[in-house]
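Contents: one structure, followed by commentary.
The chains referred to below are lettered A, B, ... by the order of the sequence lines, with proteins before strands, and numbering in each begins at 1.
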Amino acid sequence: MSYYDKVYEVTLTIPPGRVSTYGAIADYLALGSARMVGYALNKCHRFEEPIPAHRVVNRNGELTGRNMFASPTRMQELLESENIEVKNNRVVDFKTLFWHPQDM
DNA sequence: CCAATGACGACTT
DNA sequence: GAAGTCGCCATTG
């Protein structure tokens, strides 16, 4: 068990078609900080379970972590696959699609 | 145990 | 208001 597990748990709670932020997850866990969340998702490969990390973006709605995916375009593809429009590495209408773990 | 790192965020020029 | 600086804090080497 580690801080990662909590991050993965919350990340898996994000409903399809919605996105969340590192800060929101960190705030929900009331532990660490936004960096820890991103750092945790970077090591998500340790789980064979598909972690919807593409639904987690920074507070600007930018796909900052797209570079860490198998392909830089993989993240955008997955988001568009869920009816989430992405423009210039940024989630369109991110403010509306934003979802906070507490709002489940 | 000490130092470096990092998918970020808030604050300061 | 855009760009730069500093703090965050668990994990890894």
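- With sequence neighbours excluded, no residue satisfies salt bridge (Lys or Arg N to Asp or Glu O under 4.0 Å) with A/E85.
- In this structure, of B/dA7, C/dT11, B/dG9, it is B/dG9 that holds the atom nearest to the side chain of A/T21.
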Show me, pair by pair, the donor-acceptor contacts under 3.5 angstrom made by side chains of residues 9-17 of chain A, not counting sequence neighbours?
from	atom 1	to	atom 2	distance (Å)
A/T11	OG1	A/V7	O	2.6
A/T13	OG1	A/E9	O	2.7
A/T13	OG1	A/V10	O	3.4

For residues 92-104 of chain A, which side-chain N or O atoms pair as donor and acceptor with protein atoms under 3.5 Å away, sequence neighbours left out?
from	atom 1	to	atom 2	distance (Å)
A/D93	OD1	A/T96	OG1	2.7
A/D93	OD2	A/T96	OG1	3.4
A/H100	ND1	A/Q102	N	3.1

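- Between the A/N88 side chain and the A/R90 main chain, no donor and acceptor come within less than 3.5 Å of each other.
- Between A/H54 and A/F69, the shortest heavy-atom contact is N-CZ, 3.9 Å.
- When heavy atoms are screened at a 4.0 angstrom cut-off, A/N42 is found touching base atoms of the nucleic acid.
- Listed by residue number, the members of residues 61-79 of chain A with any heavy atom below 4.0 angstrom from DNA chain B are A/T64, A/G65, A/M68, A/F69.
- Contacts classified as salt bridge (Lys or Arg N to Asp or Glu O under 4.0 Å) and involving residues 54-72 of chain A (residues at least two apart or in different chains) are given here: A/R55-A/E82.
- Regarding A/K43, its NZ atom lies at a distance of 13 Å from the P atom of B/dT5, rounded to whole Å.
- A/R59 has its CZ atom 19 Å from the P atom of B/dA7, to the nearest Å.
- By the ring-ring contact (aromatic ring centres under 6.0 Å, His included) test, A/Y3 is found to be paired with no residue, residues two or more places apart in sequence or in another chain being considered.
- In this entry the distance linking CG of A/D5 with P of C/dA10 reads 15 Å, nearest Å.
- In this view, A/T73 and A/S71 satisfy the side-chain contact (heavy atoms from CB on, under 4.5 Å) rule, not counting sequence neighbours.
- In this structure, A/F94 atom CZ and B/dA7 atom P are separated by 18 Å, rounded to whole Å.
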Would you give me the side-chain donor-acceptor pairs under 3.5 Å for residues 21-32 of chain A, sequence neighbours excluded?
from	atom 1	to	atom 2	distance (Å)
A/T21	OG1	A/A24	N	3.1
A/Y22	OH	A/V56	O	3.4

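- Atom pair A/L41:CG and C/dA10:P shows a separation of 16 Å (rounding to whole Å applied).
- Rounded to an integer number of Å, the gap from OH of A/Y4 to C1' of B/dA7 is 12 Å.
- Near DNA chain C, meaning a heavy atom under 4.0 Å away, the residues from residues 22-37 of chain A are A/G32, A/S33, A/R35, A/M36.
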